[in-house]
There are 2 protein chains.
Amino acid sequence: MKSSQDRLNDIVDKLRENGCRITPQRVAIIKTFLQSDEHPSIERVYEQVKVNFPTTSLATVYKTVNLLKEIDEILEIGFADGRNRYDGNKPYPHPHLICTKCKAIMDPDISLLDQLTTEVAQASGYRILSHQLEFFGICPDCQKK
Amino acid sequence: MKSSQDRLNDIVDKLRENGCRITPQRVAIIKTFLQSDEHPSIERVYEQVKVNFPTTSLATVYKTVNLLKEIDEILEIGFADGRNRYDGNKPYPHPHLICTKCKAIMDPDISLLDQLTTEVAQASGYRILSHQLEFFGICPDCQKK
DNA sequence: ATACATGCAAAACATTTGCATAAGA
DNA sequence: TCTTATGCAAATGTTTTGCATGTAT
């Protein structure tokens, strides 16, 4: 398992490779993703970054998030209501388990998923590039309330 | 397998049960969903309905789609870019296979999915209410081009 | 020095809402 | 008749864009 510091360096290197400049805002946004385990929304990242960097604009957060998405260093979790959320720690497709009450997102372990992808590819003739699997339900805490 | 006419009647009955009125606009919108196998977007439904009902407004399409969603007679397929699409023929959660080039959506058959849901529920303690599974790839036709 | 990134404000989008009018039951 | 639905326009919320200024390299 890579340390957060190593992953920060990797992302910074990848940005440089793509001809991008390393600005304090970008570093702050990346750090926010790496230090968060809550799958933050854009707005949430914006709030966090402003704590240490009050002049940062929302537009810059959007631009940086799109950049990180393009170089596959964060994963976008699409919500039907438009409030997308992001995962900077596991930027590859993986399932999510979302509590519809408190909006918590966790990453369940699923063994069967790769088989499933292969099955679909063979049956359909599609070249599968990516997938998205979300479970919606009520988390143990919210069930008690 | 139910005929399209039967399903139209079922939906109309369900609307009545919920105290809703049956307007020509609503019938036209429902028919558009039932006659389409392309998982249409709101905009697409609007265009289709206007062919036979030119005065229909986009707001009415939105309101009716939300209504049908609430009574579980259409399924919303969430897209990260905000352009959601809908399935009126199979209004229960099921996987989709989406071509990222031509945006076609098809419904692959998957045997393992129920097992998978049970697995996640047991391991996490969540009460799973719904799920969403999308595969993204290139369809056979687009691979040739 | 010279691109590129930032921050602001305006624009672009999709969706929702308020309200007067039309129309189902 | 009486309540709900429609259609328009305005409002909302999110994301993108244009551009002058600032800054990384």
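Computed from a predicted structure; not experimentally measured. Below, chains carry the letters A, B, ... as their sequence lines are ordered, and counting in each starts from 1.
Counting to the nearest Å, the C1' atom of D:dA24 and the CZ atom of A:Arg26 are 10 Å from each other. Atom OH of B:Tyr86 and atom P of C:dA14 are 12 Å apart (whole Å). Whole-Å rounding puts the A:Leu15 CG to C:dC4 P distance at 15 Å. Distance, A:Glu47 CD to D:dT14 C1': 15 Å, rounded to whole Å. Put simply, OH on B:Tyr46 is 16 Å from P on C:dC13, counting in whole angstrom units. Separating the CZ atom of B:Phe79 from the P atom of C:dA14 is a distance of 15 Å, rounded to the nearest angstrom. B:Asn84 places its CG atom 12 Å from the P atom of C:dA14, with the value rounded to the nearest Å.
Atoms NE2 and CG, from A:His131 and A:Asp114 in turn, are 7.5 Å apart once rounded to the nearest 0.5 Å.
By the side chain to side chain contact (heavy atoms under 4.5 Å, CB included) test, B:Pro95 pairs with B:Pro108, B:Ile110, B:Leu113, B:Leu133, sequence neighbours left out. Contacts of A:Tyr62 classified as side chain to side chain contact (heavy atoms under 4.5 Å, CB included), with partners at least two apart in sequence or in another chain: A:Ile42, A:Leu58. Judged as a side chain to side chain donor-acceptor pair (under 3.5 Å), and not counting sequence neighbours, A:Thr100 has no contacts. A search for side chain to side chain donor-acceptor pair (under 3.5 Å) contacts involving A:Asp37 returns nothing, not counting sequence neighbours. Listed by chain and residue number, B:His96, B:Gln132 satisfy the side chain to side chain donor-acceptor pair (under 3.5 Å) test with B:Glu134 (two or more places apart in sequence, or in another chain).
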Run the side-chain donor-acceptor check on residues 45-54 of chain A: report pairs under 3.5 Å with partners two or more places apart or on a different chain.
unit_1	atom_1	unit_2	atom_2	d
A:Tyr46	OH	A:Lys50	NZ	3.3
A:Glu47	OE1	A:Arg44	NH1	2.9

Only distances under 3.5 Å count here; give the side-chain donor-acceptor pairs of residues 15-25 of chain B to other protein atoms, sequence neighbours excluded, each with its distance to 0.1 Å.
unit_1	atom_1	unit_2	atom_2	d
B:Asn18	ND2	B:Lys14	O	2.7
B:Thr23	OG1	B:Arg26	N	3.1

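Side-chain contact check for B:Lys69 and B:Asn66: at least one donor-acceptor pair (N or O, by modelled atom type) lies under 3.5 Å.
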Taking only N/O atoms, report every protein-nucleotides 11-13 of chain D pair under 3.5 Å with atom names and distance.
none

Every protein N/O within reach of nucleotides 20-25 of chain C N/O, cut-off under 3.5 Å:
unit_1	atom_1	unit_2	atom_2	d
C:dG24	N2	B:Arg21	NH1	3.4
C:dG24	N2	B:Arg21	NH2	2.7
C:dG24	N3	B:Arg21	NH1	3.3
C:dA25	OP1	B:Ile22	N	3.0

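The shortest heavy-atom contact between A:Tyr126 and B:Ile98 is CE2-C, 4.0 Å.
The aromatic rings of A:Tyr86 and A:Phe33 stand perpendicular to each other, their planes meeting at an angle above 60°, with 30° marking the opposite boundary.
Picking from D:dG7, D:dT15, C:dA5 the nucleotide with the shortest atom distance to the side chain of A:Ile42 gives D:dT15.
Side-chain atoms of B:Arg7 come within 3.5 Å of backbone atoms of B:Gly88 as a donor-acceptor pair (strictly under, hydrogens ignored). Between the A:Ser36 side chain and the A:Thr32 main chain, no donor and acceptor come within less than 3.5 Å of each other.
A salt bridge between B:Arg85 and B:Glu38 is absent, with no side-chain N of the basic residue lying under 4.0 Å from a carboxylate O of the acidic one.
End-to-end axis angle of the helix from C:dA1-D:dT25 to C:dA25-D:dT1, from C1' rotation axes over five pairs per end: 40° (rounded to 10 degrees).
Remark: A:Gln25 is not in phosphate contact with D:dT23, judged by side-chain N or O atoms under 4.0 Å from OP1 or OP2. A sub-4.0 Å separation between OP1 or OP2 of C:dG7 and a side-chain N or O of A:Thr55 is present.
A heavy atom closer than 4.0 Å to some atom of DNA chain C occurs in no member of residues 4-12 of chain B. Taken residue by residue, residues 58-75 of chain B places heavy atoms nearer than 4.0 Å to DNA chain C at B:Ala59, B:Tyr62, B:Lys63, B:Asn66.
Within the 4.5 Å cutoff, side-chain heavy atoms of A:Ile128 are placed close to those of B:Leu97.
Residue-environment remark: CG (A:Asp109) stays at or below the threshold of 12 foreign heavy atoms within 6.0 Å.
Between B:Glu43 and A:Gly19, the residue whose closest nucleotide on DNA chain C is further toward the 5' end is A:Gly19.
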